[in-house]
Amino acid sequence: QVQLVESGGGLVQTGGSLRLSCVASERTYSTYTMGWFRQAPGKEREFVAANRWIVGSTYYADSVKGRFTISRDNAKNTVYLQMNSLKPEDTAVYYCAARSGGIATMSHEYAYWGQGTQVTVSS
């Protein structure tokens, strides 16, 4: 199975920026959708952003539109999440995920998951 490893999390102040990376152990096929989810304590895991390389499609949750950008480098088997204008409500464990089909926003639709990386935004 595909192994995914996130990195780049940390502590930043409100308004700051952070870039998360997720490296896959195997080729991230152009037909795959790569996504980012996040989960705060006591809350359900929620969709953040997704990208499907083969059709050049991206999709963002309303809460992060205009602030976050998802991108991929298939040659490096890596997906990124650039986070700008961070807010305290962005604090969560961020997970990358992959599925063989198209854009999806529900966690159960993704077959492969990373271990998560903590992002904390201080006020």
Side-chain angles (χ1 to χ4, degrees):
Q1 63 179 23
V2 177
Q3 304 292 325
L4 304 173
V5 180
E6 303 97 332
S7 63
L11 174 64
V12 297
Q13 292 186 324
T14 297
S17 297
L18 206 60
R19 188 177 77 159
L20 306 183
S21 299
C22 177
V23 180
S25 62
E26 300 178 13
R27 177 183 177 183
T28 51
Y29 297 101
S30 62
T31 55
Y32 276 40
T33 292
M34 303 295 297
W36 286 96
F37 290 76
R38 65 187 183 186
Q39 187 167 24
K43 297 183 178 180
E44 295 183 349
R45 187 155 50 187
E46 66 174 348
F47 173 79
V48 176
N51 169 277
R52 195 181 190 200
W53 186 268
I54 192 168
V55 294
S57 297
T58 58
Y59 187 74
Y60 297 91
D62 288 341
S63 60
V64 306
K65 285 181 179 178
R67 299 189 298 122
F68 290 10
T69 302
I70 186 171
S71 61
R72 289 169 65 173
D73 185 341
N74 272 9
K76 297 181 179 180
N77 293 335
T78 303
V79 61
Y80 305 94
L81 185 68
Q82 178 66 47
M83 305 184 293
N84 299 323
S85 301
L86 284 163
K87 307 173 182 179
E89 51 263 44
D90 295 318
T91 295
V93 176
Y94 283 70
Y95 300 89
C96 65
R99 69 187 304 267
S100 61
I103 295 289
T105 60
M106 302 296 291
S107 61
H108 72 265
E109 297 178 288
Y110 288 77
Y112 308 107
W113 292 87
Q115 83 291 341
T117 185
Q118 177 71 47
V119 172
T120 302
V121 184
S122 63
S123 59

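Side chains are part of it too, since the values below use all heavy atoms of this structure and drop only hydrogens, waters and symmetry mates. In what follows, residues are counted from 1 in the order of the sequence shown.
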Which donor-acceptor pairs under 3.5 Å do the side chains of residues 14-24 make with protein atoms, sequence neighbours left out?
from: T14; atom 1: OG1; to: S122; atom 2: O; distance (Å): 2.8
from: S17; atom 1: OG; to: N84; atom 2: OD1; distance (Å): 2.9

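- Not counting sequence neighbours, S71 has no partner by the side-chain hydrogen bond (donor to acceptor under 3.5 Å, both in side chains) test.
- With hydrophobic clusters built from ILVMFWY side chains whose heavy atoms lie under 4.5 angstrom apart, F47 does not share a cluster with Y32.
- In terms of heavy atoms, C96 sits closest to V79 at CB-CG1, 4.5 Å.
- Taken from CE in M34 to OG1 in T78, the straight-line distance is 9.0 Å, to the nearest 0.5 Å.
- Across every non-hydrogen atom of A50 and T33, the tightest pair is CB-CG2, 4.0 Å.
- In terms of the side-chain contact (heavy atoms from CB on, under 4.5 Å) criterion, A111 has no residue partners (sequence neighbours excluded).
- Residue V55 belongs to a hydrophobic cluster whose other members are I54, with links defined by side-chain heavy atoms closer than 4.5 Å.
- Judged as a salt bridge (charged side-chain N to carboxylate O under 4.0 Å, His left out), and not counting sequence neighbours, the contacts of K65 are D62.
- Note: the hydrophobic cluster containing V93 also contains W113 (ILVMFWY, side chain heavy atoms under 4.5 Å, direct or indirect links).
- Contacts classified as disulfide bond (SG atoms under 2.5 Å apart) and involving residues 40-77 (residues at least two apart or in different chains) are not found.
- Between Q118 and A92, the shortest heavy-atom distance links the atoms NE2-O, 3.4 Å.
- The ring-ring contact (aromatic ring centres under 6.0 Å, His included) pairs that include a residue from residues 71-108 number zero, where partners must be two or more places apart or lie in different chains.
- Applying the disulfide bond (SG atoms under 2.5 Å apart) rule to pairs touching residues 55-93 yields nothing, sequence neighbours excluded.
- Cluster annotation: V119 and F37 are assigned to distinct hydrophobic clusters (Ile/Leu/Val/Met/Phe/Trp/Tyr, side-chain heavy-atom contacts under 4.5 Å, transitive).
- Here disulfide bond (SG atoms under 2.5 Å apart) pairs that include residues 44-74, with residues two or more places apart or in two chains, number zero.
- Remark: A104 engages R99, E109, Y110 in a side-chain contact (heavy atoms from CB on, under 4.5 Å) (not counting sequence neighbours).
- For the atom pair CZ of R67 and CE of M83, the computed distance is 9.5 Å after rounding to the nearest 0.5 Å.
- Within the structure, every pair that satisfies the salt bridge (charged side-chain N to carboxylate O under 4.0 Å, His left out) test and touches residues 29-51, not counting sequence neighbours, is listed here: R38-E46, R38-D90.
- Across all non-hydrogen atoms, the minimal contact from L81 to A49 is CD1-CB, 4.3 Å.
- With hydrogens and angles disregarded, a donor-acceptor distance shorter than 3.5 Å links the side chain of T91 to the backbone of V121.
- Residue pairs that meet the side chain to side chain donor-acceptor pair (under 3.5 Å) test with at least one member in residues 51-61, sequence neighbours left out, are N51-R72.
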